[in-house]
Structure formats: structure tokens, C-alpha cells
Protein chains: 2
Amino acid sequence: MKISTKGRYALRLMLDLALNNTGEYIKIKNISERQEISEKYLEQIVTILSRGNYVKSVRGAQGGYKLARNPKDYTVGEILRLTEGSLSPVSCLDDETECSKIDDCVTIEIWKRMDKAISGVVDNITLSDLVEWQMEKVNNNFYI
Amino acid sequence: MKISTKGRYALRLMLDLALNNTGEYIKIKNISERQEISEKYLEQIVTILSRGNYVKSVRGAQGGYKLARNPKDYTVGEILRLTEGSLSPVSCLDDETECSKIDDCVTIEIWKRMDKAISGVVDNITLSDLVEWQMEKVNNNFYI
DNA sequence: TCAATTCATAGTAATTAGCTATGAAATAAT
DNA sequence: ATTATTTCATAGCTAATTACTATGAATTGA
């Protein structure tokens, strides 16, 4: 029951773009250096985000990526769902037709509540919240 | 981000024992038939529950398993944690010493909230709740 | 033209998931 | 005492998934 590196790295990538949200296009190479994640793996992840129109890209020299929307208009939930595929704790919540015993199933109530609880968290945190938290961390470290 | 069969089957096994909580020892063979899960796999799972003292066992002919406590004294959370290992969405919450960047990490706040939300659900559902839900299902099906 | 970048896809090693298989140990019934 | 039935213990095995790496084409600015 773990979030994979794909989802976690995607969040860090998006946060990195949000922290460098100047309008300029940011290169994967630079994100890779800052986040200490391999370029090639980040390329794969950013491709998912790009195909989902979460980021805009420009190819070629001086190319790169930037956010397609304002940081406050991304929830952590959508970023994780796009990259992870799903956040639900059991697959029968993804595809209701999958299980034939669904009408007699008692445990599904657990999974539904769990799913709701998870969504309640991730759908109510935006990328700009993360930016804010990052700023606070930096300030705290500075004054301590 | 999925609960594995181990955890899900463990819940169904425990629910089966709770529904047949007569004081008699229940055989894996019978649970296997009712739950349509292979005997051998169930044996593995019940071993975990047995070692954790969640069930009592008797070997040999006419042996079997029964609950060690009252159904209301088991939470879904403890059953899942015992069999799944952990329910936290990232491993750095399991072992705080794992990550060196933990003090600068912004996303950990997400995972902490998610972890809390998940625990809030599973730690507040008991085995006797599941028994109750099961009864309601049966009644509903009966009168519809 | 060339260097730097994104885009596309294939490959790969390690781990995990989801079992199955074998057989020993214990117990009740015969 | 023997046998059938059960739990207990451990090994093995296949398929899928994870977490990347590798190769190279397409694009673009200098």
C-alpha cells in the first residue's frame, strides 16, 4: 500500500516547476540536478504530465517545460492520479464491473471509506499549498 | 497504492471466524470453501494471524482456529497492519531514519495527512461492525 | 550545421505478489 | 497402535510490477 516513485517524483517535479514558475521553460536537466532524480526517469514522468496537458513543453535547444496552469489550480490528487493511475485501495473501486460478489461484499464499505478519506486529503491540497509550505520551511531553517 | 490479497483475505478470514464465532474451532478447509480462497494460501495467512495471537489454533483431527478475542476488540486497522506490514503511503513514515532529506521535505506533510486519514478509517471499524454490516446485507437481500 | 533539448520506445534487473508443493508434527477417532 | 485429519514450517515458482537505463529520432535556437 505504497505510493510509487512515479507519483512521488511527479509531485516533486511539479513543485519544482511551481517554485520556478517565472514563465520561462525549465529543463529536465536542471530539475534532475535539484531533485537528485535521474534525467531519463524524469523524462518519462514529465511525458505523462505533458500528455495530460499538466505542463507545456518546447523542444530543441533552450526548450523545456513549464506549468500549464496556475499552481493553485492543481490538486495533489490529480497529479497523483494521473501518474499513479489510481489512488483507490482496491481495484474493484476503479472498475465496478470487475467483481461478481460486489453486492454481497462487506469489506467494500471499508475500501469506500478509505478511498474517500484519501481523496479528502489529496484533493484539498494544491500545488500552491506545497509552495507555501516550502517557503515556510526555508524561513524556519533560516531563523533557527 | 493497493491493499494486497494478503490483507484482504485476512479480513475475510477473520470475518468468517467472527460469523462462526461459536467457540468451536473452525477448519481452514471450510473457510476456504466459503471464501473461495485456496486452502494453502489461507494457511499461510492464518499463520500470521496465529503468530500474532489474533487467533487460537488446535492441531490434528477436529482441530482448527477460532478468534482469540471478542469481535468488537479487533480493529480492521490492526488486522491489515499485521498482515500487510504497514498501511502508510510512503516508507519514510515507517522508518523515520530512512531519508536524509526529511527535514527539508515538503511532500511528507501530504503523506502524514494521508496516513492519518487512512488510520482514522481503519482504526475505527471493528470486526463486529463488519459482522453487523453482513447481517444487514443478508436482511436486505432477503426482503427485497 | 551543430549542440541541446524533448519525444518515443525498448530493454532490463530486482523485487513483490500470489500463489503451489512438500512434508513434518500433532491429535482424535477407530 | 494405526490411520485420517488437521495445523505448522518452509521452499519453490511464475507473472507482474517497479524502477529504472539505453538508444535514437525529431525539433529548435545559436
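Residue numbering restarts at 1 for every chain, and letters A, B, ... go by the order of the sequence lines.
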Any link between B:M14 and B:Y41 through a network of hydrophobic side chains (Ile, Leu, Val, Met, Phe, Trp, Tyr) touching at under 4.5 Å?
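Yes, B:M14 and B:Y41 fall within the same hydrophobic cluster.
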
Short side-chain to backbone donor-acceptor contact, [X] and [Y], under 3.5 Å:
X: B:E84; Y: B:S4; answer: yes
X: B:S32; Y: B:I37; answer: yes
X: A:Y74; Y: A:R69; answer: yes

Measure all distances between protein nitrogen or oxygen atoms and nitrogen or oxygen atoms of nucleotides 17-21 of chain D, and list the pairs falling under 3.5 Å.
unit_1 : atom_1 : unit_2 : atom_2 : d
D:dA19 : OP2    : A:T5   : N      : 3.1
D:dA19 : OP2    : A:T5   : OG1    : 3.1
D:dA19 : O5'    : A:T5   : OG1    : 3.4
D:dC20 : OP2    : A:Y9   : OH     : 3.2
D:dC20 : N4     : A:Q44  : NE2    : 3.2
D:dT21 : OP2    : A:S38  : OG     : 2.9
D:dT21 : O4     : A:Q44  : NE2    : 2.4

Would you say A:T47 reaches C:dT6's phosphate, i.e. side-chain N/O to OP1/OP2 under 4.0 Å?
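No, because none of the side-chain N or O atoms of A:T47 sits under 4.0 Å from OP1 or OP2 of C:dT6.
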
Is the phosphate of C:dC7, meaning OP1 or OP2, less than 4.0 Å from a side-chain N or O of A:Y65?
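Indeed, a polar side-chain atom of A:Y65 lies that close.
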
Nearest-angstrom distance from the residue atom [atom1] of [X] to [atom2] of [N]:
X: A:N30; N: C:dT5; atom1: CG; atom2: C1'; value: 11 Å
X: B:R51; N: D:dT10; atom1: CZ; atom2: P; value: 7 Å
X: B:K2; N: C:dT16; atom1: NZ; atom2: P; value: 19 Å
X: B:Q62; N: D:dT5; atom1: CD; atom2: P; value: 10 Å
X: A:E43; N: C:dT5; atom1: CD; atom2: C1'; value: 9 Å
X: B:K27; N: D:dC8; atom1: NZ; atom2: C1'; value: 16 Å
X: B:K56; N: D:dC8; atom1: NZ; atom2: C1'; value: 19 Å
X: A:L42; N: C:dC7; atom1: CG; atom2: C1'; value: 15 Å

Residues A:E33 and A:K29 bridged, charged N to O under 4.0 Å
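No salt bridge links A:E33 with A:K29.
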
From the options A:D94, A:D123, A:D115, select the one residue that forms a salt bridge (Lys or Arg N to Asp or Glu O under 4.0 Å) with A:R81.
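Filter result, single survivor: A:D123.
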
Measure from the side-chain heavy atoms of B:S50 and tell me the nearest of C:dA28, C:dT6, D:dC8.
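Of the candidates, D:dC8 comes closest.
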
Please list, one pair per line, the donor and acceptor atoms closer than 3.5 Å that link side chains of residues 15-22 of chain B to other protein atoms, with sequence neighbours excluded.
unit_1 : atom_1 : unit_2 : atom_2 : d
B:D16  : OD1    : B:N20  : ND2    : 3.1
B:D16  : OD1    : B:R34  : NE     : 3.1
B:D16  : OD1    : B:R34  : NH2    : 2.8
B:D16  : OD2    : B:R34  : NE     : 2.9
B:D16  : OD2    : B:Q35  : NE2    : 2.9
B:N20  : ND2    : B:D16  : O      : 2.7
B:T22  : OG1    : B:E24  : N      : 3.2

Under 4.0 angstrom, heavy atoms only, what part of the nucleic acid is A:V46 near: base, sugar-phosphate, or nothing?
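Nothing: the residue A:V46, judged by heavy atoms under 4.0 Å, touches no strand.
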
